[in-house]
Amino acid sequence: MIRHTARASWRAATAAGIAAVALVALSACTSGMESSGSGSTPAAGGKGDGPLTIALLQKQGDQQYFIDEANGAKEAAKAAGDVTVNVVDLGTDSNKAISEVEAAIAQQVDGIIIVVPDQQIGPQVIQLANDAGIPIMAADDTIEDGSGTAAPFAGFDGTSMGEQVGAEAASLYEAAGWTAADTRILSAYKEDLSVCQQRVDGAASAFSKAVSDGPEVIKVGTDNSATDAQDKAGAVITANSGVKHWIVWGCNDENETGVVTALQNSGVAPADIIGVGLGAYLTCKDWKAGQDTGNKAALFISGVEVGKSAVDSMVALLRDGTALPPKSIANTEIVDASNWESKGVVCT
């Protein structure tokens, strides 16, 4: 009964259009993440210290970043006490995402956190949750309802992330003394995912600001997996056999390391590759092994902190009626072979 009362309060508050309260301090204090603005989900009545069940539905749940995110969510649930997080791997299946939202509703979960395989299903999953009176928030990839209003979000600022990658690539390029004539940039990413577009656009923008008359950028469309990035890059490398030096960036570590692997497998020496990853959870493997590699640096992002922040925010809403912050943004920083361990990168 307590659970249904909390949901009814949340739904009633939404219908009444109660103004969102100020940003959740808990998210920033416990996870190192920064939140901004006022919550778009109105305050619920709260259910005190009773048991809670939260569904965490993730795309590509077998990737290390999302494994870390799930672990962070579970850590936050344990710290909150009497909170259960049910993790579901959606793979890349949008139909499964919708059916798992329906299943979570049927199981009468208290809240839903979702990383959608495709942002186009945002209106549908938000509507399903709203109709059931269950609060929903997005992680990693933003989603919007049918009117274009974004769901509360925990993750990263895609443009800022890309800018850091591009600035690091520019610094390494200038230090190497390469020229645009015999250098190409390979930019690998899932082209229909807005956060990927933001990241690679940010990288290109920061690079061009730092380097006048820079190398040509060649875009490589992938499914964001290392295997696909490696496969897709192969044809591009073959078609540009006269290129001597390569710069690589992408939407995530999978893209960057996949392309770097393809380059090295084609005979390009690590010294002729400047790869700047986004994640550090895969780029670190060569550093950990002490291998000579084209993976020169990476932007460290922590899935653990995103998982913690999302659960902390959802628990605060459900227990205390504290509105979900519209954006909780995780901290990021560039790491390389010299400092990845001291910066806290977990390399499995």
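When Asp228, Thr227, Asp223 are each tested for a side-chain hydrogen bond (donor to acceptor under 3.5 Å, both in side chains) with Ser225, only one passes: Asp223.
With contacts defined as side-chain heavy-atom distances shorter than 4.5 Å, the pair Val109/Ile54 does not qualify. Two residues are said to be in side-chain contact when any heavy atoms from C-beta on lie closer than 4.5 Å; Val259 and Asn255 fail this criterion. A 4.5 Å side-chain heavy-atom check between Phe207 and Ile247 finds at least one atom pair inside the cut-off.
Ion pair Lys59/Asp140 not flagged as a salt bridge, since none of the NZ, NE, NH1 or NH2 atoms sits closer than 4.0 Å to an Asp/Glu carboxylate oxygen.
Asp93 and Pro117 make their closest contact through O-CG, 3.7 Å (heavy atoms, listed as atom of the first residue, atom of the second, distance). A pairwise comparison of heavy atoms in Thr222 and Ala188 identifies CG2-CB, 4.1 Å as the closest pair.
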Inset, instruction - Report the C-alpha distance between Asn71 and Glu75 in whole Å, list the side-chain angles of each, state the deciding distance to 0.1 Å, and finish with yes or no for side chain to side chain donor-acceptor pair (under 3.5 Å). - result: CA-CA 6 Å; Asn71 288 336; Glu75 288 178 26; over 6 Å; no
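For the residue pair Asp131 and Gln127, a side-chain donor N or O sits within less than 3.5 Å of a side-chain acceptor on the partner. Checked by atom type, the side-chain pair Glu256/Tyr189 shows no donor-acceptor distance below 3.5 Å. For the residue pair Thr293 / Asn295, a side-chain donor-acceptor distance below 3.5 Å is found, with atom types taken as modelled. For the residue pair Thr53 / Gln107, no side-chain donor-acceptor distance below 3.5 Å is found, with atom types taken as modelled.
Dense packing is recorded around CG of Asp62, with more than 12 heavy atoms of other residues, nucleotides or ligands lying under 6.0 Å away. Counted within 6.0 Å of CD on Gln291, heavy atoms from surrounding residues, nucleotides or ligands total more than 12; the atom is thus considered enclosed.
Residues Val165 and Val345 do not share a hydrophobic cluster, clusters being chains of Ile/Leu/Val/Met/Phe/Trp/Tyr side chains in contact below 4.5 Å.
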